[in-house]
*Asks:* 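Dumping the structure here so I can ask a few things about it.
Since we're looking at a predicted model, the values are computed, not measured. In what follows, every chain begins at residue 1, and chains take the letters A, B, ... in the order their sequences are listed. Both backbone and side-chain heavy atoms feed into the values below; hydrogens, waters and symmetry mates do not.
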Amino acid sequence: MSTPNTPIYNPAEIEPKWQKKWDEDGLNHSDIDPAKPKHYALTMLPYPSGDLHIGHWFAMTPPDARARFKRMQGYNVLFPMGFDAFGLPAENAAIKNKVHPKEWTYRNIEKMRKQFRSLGAMFDWRREAISADPEYYRWTQWFFTQLYNHGLAYRKSAQVDWCPHDNTTLAREQVWGEDRHCERCGTPVIKKNLEQWFFKTTAYAEQLLDFSQIDWPERVRTLETNWIGRSEGAAVIFTTEKDDQLEVFTTRPDTLWGATFMVLAPEHPLVAKLTSVEQKAEVDAYIQDVQRMSDIQRESTDKEKTGVFTGGYAINPVNGRQIPVWIADYVLMSYGTGAIMAVPAHDERDFAFAIKFGLPILPVIDRNDGIAKSLVFPGSVADGFAAQLSDAGIEYYAAPVGDEGEGLFVTLYGTDQIEKYIAMMRSAIQPKNWNEVVGAQWVFIFSDGVRELDSVTADQEILAKCKALYPAVGKNRTTMEMLNGLDFYKDVLFHSEYGTMIHSGTFSGTPGDIAKQKVSKWLEENNKGKAKVNYRLRDWLISRQRYWGAPIPIVYCPTHGAVAVPDDQLPVLLPDDVEWMPTGQSPLKLHPTWKITTCPTCGGPAERETDTLDTFMCSSWYHLRYLSPHYTQGPFDPKEYDYWMPVDTYTGGIEHATMHLIYTRFFHKASRDMGITKGDEPMLQLRNQGMILGEDSEKMSKSKGNVRSPVDLVNSYGADVVRAYLIFFSRWDQGAPWSSGGIEGVNRWIRRVWVTIVEPGPEGSKDENAVRNLRRKLHQTLRSVTRDFETFEFNTIVSGLMELLNDMMKAKQQGLYNSPAWKEAVELFLLMLAPVSPHISEELWAWLGKPYSIHKQNWPKVDEEAAREDEITLVVQINGKVRDRIQLPAGITEEDAKAHTLASAAVQRYLEGKTLRQIIYVPGKLINIVI
RNA sequence: GCCGAAGUGGCGGAACAGGCAGACGCGCACGACUCAAAAUCGUGUACCCUCCGGGUAUGUGGGUUCGAUUCCCACCUUCGGCACCA
C-alpha cells in the first residue's frame, strides 16, 4: 500500500529522464585511458531493415548487461554500435517503392538508433560507423586495393552462382541448402560464366583451421572446420597418349594400383583433345546435356551416375597401365583438378559408376581379417561370369547363392589364380549385360582357403566369422541379405583405409598405416606427383552486379588493363542520379557517364568497374572503424587500435559461422601480413545467442502475424522489464518461443522490487538469526551473479536476484527494515540489478540519496564470512537413497557427524537387524550408509 | 550418407568438481481482500500406491560407482550444418 510519501513506479517517466541525463553527461563515452584495463565488447552490427525486432533486442541486451558489469568491475569498456548499411533490401525497396536506397537506408538508421536508445543500451554513439558513408567505404575500397596490390585479389572468368531473383552473383557461402538457394531471397541459384573478382581466402585455409589462440564455441569451430574441409592426399600426374600431363588429386594414393579408369569433369580443358573421332558426337551430346541441367539436378546424390567414354586413355604412372578416360558430371571442375583416378574397388562412387558401365573392379587393399580378401560386382550375370573365368583358365570353386540360382559364390585359391583373374579383368572383355543387372547378388572371392559349398546358407563357419567381424551386418539380416547387401560390401571395401596393400607391385605387403606416406614419397622421388592437401574452401567471390554497395575501385585501361584506383582518388563515389530499369540490371552499368574515366597510370580514356563489393567485405573490418569512425589518415587511428584491439568478447548469431566469421578472420590475417593489423586473431572470445520464436514456436514473421514489437513492449512495460525478461526467460545460447505470460511475471517482479525498497515496513527487530540469514543470502547471490555474468549464463542472474528479493521481503516482514543489514542488502541488490535494468536501479539509487551514478560504482566484493553457511543440512542416505536430513553446525568433524547420524531415529529404524558395511562421508553435504 | 549439438514436470528452465532432481518464473488449483471483477497477497502443484509411510522418475537399454541428469558404451528422437569434395 502506498502512502502519500512513497513514489509510484512509472517507467514511462523515469526511463526517458535518465536516458537524457546519461546522454548529456556522456556517461557511456569510452575513451582511451591507459590507467585502466580495457575491454572491447562487440556485438554484430544490424542491417538497417526498418525496425528493431525482438531478435535484435535479445541479441543485444545480455551483452549490454555484461558490458555494464565489466565496466563496474573497473574495466574501460568499449561497446560500440553501427549499421551494415549497404545491401540488397535497400535496392529492392527502391525498385518497389521508388525511394532512393540511400534515403530508405538512412531513414531506417535514424529510426533504429532511436529504438536502441529506448532500450537503454550503453552504446557510445560517438563511435557509430555506417558502412554506406563515403568516409567508411573509402577505406573498404582502400582495403580492396591493398589486397589487390598484394596479389590477394584477382579477377577470373568462372562458373559462379547467380541468383535470378536478385540479379547478382553470390559467394558460395551465400548459397544454402539442398536446393542451392539464395541466402537472402530463397530463390534457387543458377550457374553463370562470368568475369568476377575473388579474394584468395584459400591461401589462408590452413591458418583459419587453427583455433588455438581463441575461445570460440565448439559448434562454430566444427562448422568452420567442415566448411574449410581439409583433405590430405596426393597429387598424381598421369599422362595422356598425346603426352599431356593430367593431374589428379586423391586421398588414397595407396589405391593407385587399383585405378581401372579415369574420370574428368565435363568442363575439363583436356576433354576436347582426349576425345577420339568415334566418340566425339557422344561426348559433345553429353556435355550439352550437363550444361542444360540445373545444379540441383546435377549435384543430387541419389541421381544415377551418368557419363561417356572419351575414347582416350591415360597412363598410370605407378605401373604404366593404360586406363580409359571417361567424363562424368559427378566429378566437379571446382574441386581438386577436376579429374580423378577411379578405384571402383575402394570408392563407392567409382564402384557405382563401374557397375553401371561394366568397368573392371580391382581390389588392392586387404582387410587383413582372414575373411573377405576381395569381392566383386554382381551377377544375375553369374553364368556369363563363370564362363569367362573358365575361358581365362582360372580354377575356381563356386556355389549357387539362394535356392533359385540368384547368384554365384566364387572362391579363388592362391595368388596365382588371383593374378590370372586380375589379368582377365584388365582385358577389355566384359560381359555385355552387366549394366542390365537389377538385383544385387554379389560374387565373393576369398583367398584364404578352399571350400566347396553346397549353398552359402550352409556355410556356418563363414557366417559365424562374418557375424563376429561385422555385428551390424549379422543382426536382423538373413544370410542372403548379408551376402548380397551393399552394406556388407561397403564395410569390407570402402572402409578399408588401414588394410595392407596387395596386387601393387613392389608395394604389396605395405601395412595400411604407412601406405599413403610411402606411396606419396615414392611419387615425389620419381617426379610423378607429391603429397598434397586440398580444401573444400573456395576463394571468396566479392563482385556483385548491384548498385547499393561500395564500387570496386578498379579502372580498365585498354593499354594497362585492370588498374587499382590510387589512394588519393578514393573513395570512388556512388552516383546518386541513377534509374532502375525493370531488366534488373545494375543501374551503375546503365548510368550514362559514371563509368567513363581516365586511366590512373597513363591518363588515357578508360572505364570503371561497374560491379560493387559484397557487403560482407564492409562488415569484415567494422570493428576497426568503430575505433575512430572519422579518422582520415587510414582505416583506423593506430593509437586507438593499440589500446583497444583485439576484441575481447564478440557476440552474435551462429548463422554467420561460415560467412562473416570466416571472412573477418581472413581479413585480419591478410591485413596482418600486409602490415595493417597486429596479432593473429581479431576476436578472442565468441559467444552465440539463440533465436526467439513466436508464441506459436514458429520463426517470427510478418506473414505469420506472430511478431512482437519491442517498441510496443517498452510502451506497456518499460525497458527495464523488457530487458530483465529477455535476460531471464531462456538460456541465451538457445533461445525459446516468446511468452506473453512470462513477461507479466517479470513485470510483477520489477514492481515488487520497487515496492519492497520504497515502502516502509516494521522496524527495530533484533533477531540476529534473521540478519545472519539475510546477509548470507545476499553474499551468496553476489557470488553466483558475478560468476554468471562472467560465463554468459544470464538467466540465472535474474532468477538469483528473484530469490534474493524473496528473502528480502521475508526479512522486511521480520522487522529488519532500515537496519544496517537491510540497507546493505538494498544497496548490493541495486548494484547487481544495475546492468540488467539500468533505469530503475539508477532511480532507486538516487532515491536512497546515493551519489550519481549507480553505473559508475564499483562492483561489490563478496563478504566470504557472511556468505559462509554456519549450519549444514546433512543428507543421510542409506544404500544411496535419501532417508533423512539432519541440521548440524558447519564445522563439524567427520566423527561427530557420523555419531549424530547413527543416533537419529530414522537411521536406527533402517539399521535394525542389518550389518553396517561402509559409511561414506562427504564433508558438509552427505553421508551414505551401506548396509 | 557424413559432421555437430541437444533430449529434465503442462511450459521456459535450475542443479557450476559424481552427492537432496525440478531452484526461479509461467501456467493451473484453492484461499484472502472485493458487492463483483481486475490488481495484489497467501497456500499448493513430477508421477504412482495401501497417502502413516513407501515406490518410480532427468529419451531408451546396459556399464562404472557406496552413489549417475552429470562419466563410459550402444540405440532412439529432435534440431543445425555439409552433401557425388575424389
*Asks:* Among C16(B), G67(B), G13(B), which nucleotide has an atom closest to any side-chain atom of Asn928(A)?
*Replies:* G67(B)

*Asks:* For C2(B) and Arg536(A) - does any side-chain N or O of the residue sit under 4.0 Å from the phosphate oxygens OP1/OP2?
*Replies:* no

*Asks:* Can you tell me how far P of G12(B) sits from CG of Leu726(A), to the nearest Å?
*Replies:* 18 Å

*Asks:* Just compare C66(B), A86(B), C16(B) and give me whichever is closest to any side-chain atom of Ile340(A).
*Replies:* A86(B)

*Asks:* Taking the nucleotide of RNA chain B with the nearest heavy atom to each, does Ala736(A) or Ile920(A) sit closer to the 5' end?
*Replies:* Ala736(A)

*Asks:* Side chain of Thr250(A) only, please: which of C84(B), A86(B), G4(B) is the nearest?
*Replies:* A86(B)

*Asks:* Any donor-acceptor pair under 3.5 Å linking the side-chain atoms of Glu869(A) with those of Gln780(A)?
*Replies:* yes

*Asks:* Any carboxylate oxygen within less than 4.0 angstrom of a Lys/Arg side-chain nitrogen, looking at Asp807(A) and Arg776(A)?
*Replies:* no

*Asks:* So, for Phe353(A) and Phe261(A), is the gap between ring centers shorter than 6.0 Å?
*Replies:* yes

*Asks:* Verify the distance criterion only: is there a donor paired with an acceptor across the side chains of Thr202(A) and Arg538(A) at less than 3.5 Å?
*Replies:* no

*Asks:* Can you tell me if the side-chain N/O atoms of Asn795(A) get under 4.0 Å from OP1 or OP2 in A14(B)?
*Replies:* yes

*Asks:* Does the structure show a Watson-Crick or G-U wobble partner for A38(B), both distances under 3.5 Å? Name it, or say none.
*Replies:* none

*Asks:* Write down the distance separating the C1' atoms in A14(B) and C66(B), rounded off to the nearest Å.
*Replies:* 27 Å

*Asks:* Indicate whether OP1 or OP2 belonging to G18(B) is found under 4.0 Å from a side-chain N or O atom of Lys925(A).
*Replies:* no

*Asks:* What is the pairing partner of A21(B), taking Watson-Crick or G-U wobble pairs with both distances under 3.5 Å in any strand?
*Replies:* none

*Asks:* When syn is taken as a glycosidic angle within 90 degrees of 0, is C16(B) syn or anti?
*Replies:* anti

*Asks:* Answer yes or no: does a side-chain N or O of Gln877(A) lie under 4.0 Å from OP1 or OP2 of C66(B)?
*Replies:* no

*Asks:* So what does Gly229(A) touch, heavy atoms closer than 4.0 Å: a base, only the sugar-phosphate, or nothing?
*Replies:* nothing

*Asks:* Nearest whole Å is fine: how far is G81(B) C1' from Ile228(A) CD1?
*Replies:* 14 Å

*Asks:* Are Arg219(A) and C79(B) close enough that a side-chain N or O sits under 4.0 Å from OP1 or OP2?
*Replies:* no

*Asks:* Counting Watson-Crick and G-U wobble pairs only, both distances under 3.5 Å, name the nucleotide matched with C82(B), or none.
*Replies:* G1(B)

*Asks:* Does Arg748(A) make a side-chain N or O approach to OP1 or OP2 of C26(B) shorter than 4.0 Å?
*Replies:* yes

*Asks:* Once you round it to whole Å, what is the distance between C1' of G81(B) and CG of Leu661(A)?
*Replies:* 14 Å

*Asks:* When all nucleic acid strands are considered with a 4.0 Å heavy-atom cut-off, which category describes Phe728(A): base, sugar-phosphate, or nothing?
*Replies:* base

*Asks:* Whom does G7(B) pair with, Watson-Crick or G-U wobble, provided both distances fall under 3.5 Å?
*Replies:* C76(B)

*Asks:* Does the pair Arg687(A)/Asp733(A) count as a salt bridge with the N-to-O cut at 4.0 Å?
*Replies:* no

*Asks:* Is Arg172(A) close enough to C82(B) that one of its side-chain N or O atoms is under 4.0 Å from OP1 or OP2 there?
*Replies:* no

*Asks:* Distance check, P atoms only: G55(B) and A36(B), in whole angstrom units.
*Replies:* 47 Å

*Asks:* Classify the angle between the aromatic ring planes of Phe729(A) and Tyr725(A) as parallel (below 30°), tilted (30 to 60°) or perpendicular (above 60°).
*Replies:* tilted

*Asks:* Determine, for Lys516(A) against Glu232(A), whether the closest basic-nitrogen to carboxylate-oxygen distance falls under 4.0 angstrom.
*Replies:* no

*Asks:* For Gln689(A) and G12(B), give me the distance from atom CD to atom P, rounded to whole Å.
*Replies:* 20 Å

*Asks:* Can the positive tip of Arg665(A) be found less than 6.0 Å from the middle of the six-membered ring of Trp216(A), inside 45° of the ring normal?
*Replies:* yes

*Asks:* NA contact type, Ser231(A), heavy-atom cut-off 4.0 Å: base, sugar-phosphate, or nothing?
*Replies:* sugar-phosphate

*Asks:* Whole-Å distance between C20(B) P and Asn879(A) CG?
*Replies:* 17 Å

*Asks:* Going by purine N1 to pyrimidine N3 plus the second Watson-Crick contact, or the G-U wobble pair, all under 3.5 Å, which nucleotide sits opposite U50(B)?
*Replies:* none

*Asks:* Where each residue is assigned the nucleotide of RNA chain B containing its nearest heavy atom, which of Ile743(A) and Gly336(A) is assigned the position nearer the 5′ end?
*Replies:* Ile743(A)

*Asks:* Taking the minimum atom-to-atom distance to the side chain of Leu926(A), which one of A86(B), C16(B), C20(B) wins?
*Replies:* C20(B)

*Asks:* Quick one: is C16(B) close enough that its OP1 or OP2 comes under 4.0 Å of any side-chain N or O from Arg783(A)?
*Replies:* no

*Asks:* Starting from C1' on A86(B), measure out to CG on Asp329(A) and report it in whole angstrom.
*Replies:* 14 Å

*Asks:* For Gly307(A), report the nucleic acid contact type (base, sugar-phosphate, nothing); a contact means any heavy atom under 4.0 Å.
*Replies:* nothing

*Asks:* Can you tell me how far C1' in C76(B) sits from the matching atom in G61(B), rounded to whole Å?
*Replies:* 10 Å

*Asks:* Is the phosphate of G25(B), meaning OP1 or OP2, less than 4.0 Å from a side-chain N or O of Asn806(A)?
*Replies:* yes

*Asks:* Could you tell me how far C11(B) sits from A5(B) if I compare only their P atoms? Round to whole Å.
*Replies:* 26 Å

*Asks:* Across all strands shown, which nucleotide pairs with C28(B) by Watson-Crick or G-U wobble geometry, both distances under 3.5 Å?
*Replies:* G44(B)

*Asks:* Could you check whether Arg883(A) gets within reach of a base, just the sugar-phosphate, or nothing at all, counting any heavy atom under 4.0 Å?
*Replies:* sugar-phosphate

*Asks:* For nucleotides U8(B) and U70(B), find the distance between their C1' atoms and express it as a whole number of Å.
*Replies:* 12 Å

*Asks:* Scan Val922(A) against the nucleic acid and name what it touches under 4.0 Å (heavy atoms): base, sugar-phosphate only, or nothing.
*Replies:* base

*Asks:* What is the distance, rounded to the nearest whole Å, between atom CD of Gln813(A) and atom P of G42(B)?
*Replies:* 7 Å

*Asks:* To the nearest Å, give me how far apart CZ (Arg751(A)) and C1' (C41(B)) are.
*Replies:* 17 Å

*Asks:* Which whole number of Å gives the distance between the P atom of G67(B) and that of A21(B)?
*Replies:* 15 Å

*Asks:* Using the P atom in both, what is the distance from A68(B) to G59(B), to the nearest Å?
*Replies:* 15 Å

*Asks:* Need one value for Phe729(A): base, sugar-phosphate or nothing, where a base atom within 4.0 Å counts as base even if backbone is also close, heavy atoms only.
*Replies:* sugar-phosphate

*Asks:* With a 3.5 angstrom cut-off on both distances, give the Watson-Crick or G-U wobble partner of C71(B), or none if there isn't one.
*Replies:* G63(B)

*Asks:* Over all strands shown, is Trp749(A) touching base, sugar-phosphate only, or nothing at heavy-atom distances under 4.0 angstrom?
*Replies:* nothing

*Asks:* For G9(B), measure the glycosidic angle (O4'-C1'-N9-C4 for a purine, O4'-C1'-N1-C2 for a pyrimidine) and name it syn if it falls within 90° of 0, otherwise anti.
*Replies:* syn

*Asks:* Would you check if there is a donor-acceptor pair between the side chains of Asn534(A) and Ser231(A) at a distance under 3.5 Å?
*Replies:* no

*Asks:* So, applying side chain to side chain contact (heavy atoms under 4.5 Å, CB included) with Ile327(A), which one of Val290(A), Thr306(A), Val263(A), Thr310(A) is it?
*Replies:* Thr310(A)

*Asks:* What is the nucleic acid contact for Glu744(A), judged by heavy atoms within less than 4.0 Å: base, sugar-phosphate only, or nothing?
*Replies:* nothing

*Asks:* Please give the nucleotide sitting opposite A14(B) as a Watson-Crick or G-U wobble pair, both distances under 3.5 Å, or none.
*Replies:* none

*Asks:* Please report the distance separating the P of U45(B) from the corresponding atom of C52(B), rounded so that it comes out in whole Å.
*Replies:* 14 Å

*Asks:* Which one, C24(B), C82(B), C3(B), comes nearest to the side chain of Trp227(A)?
*Replies:* C82(B)

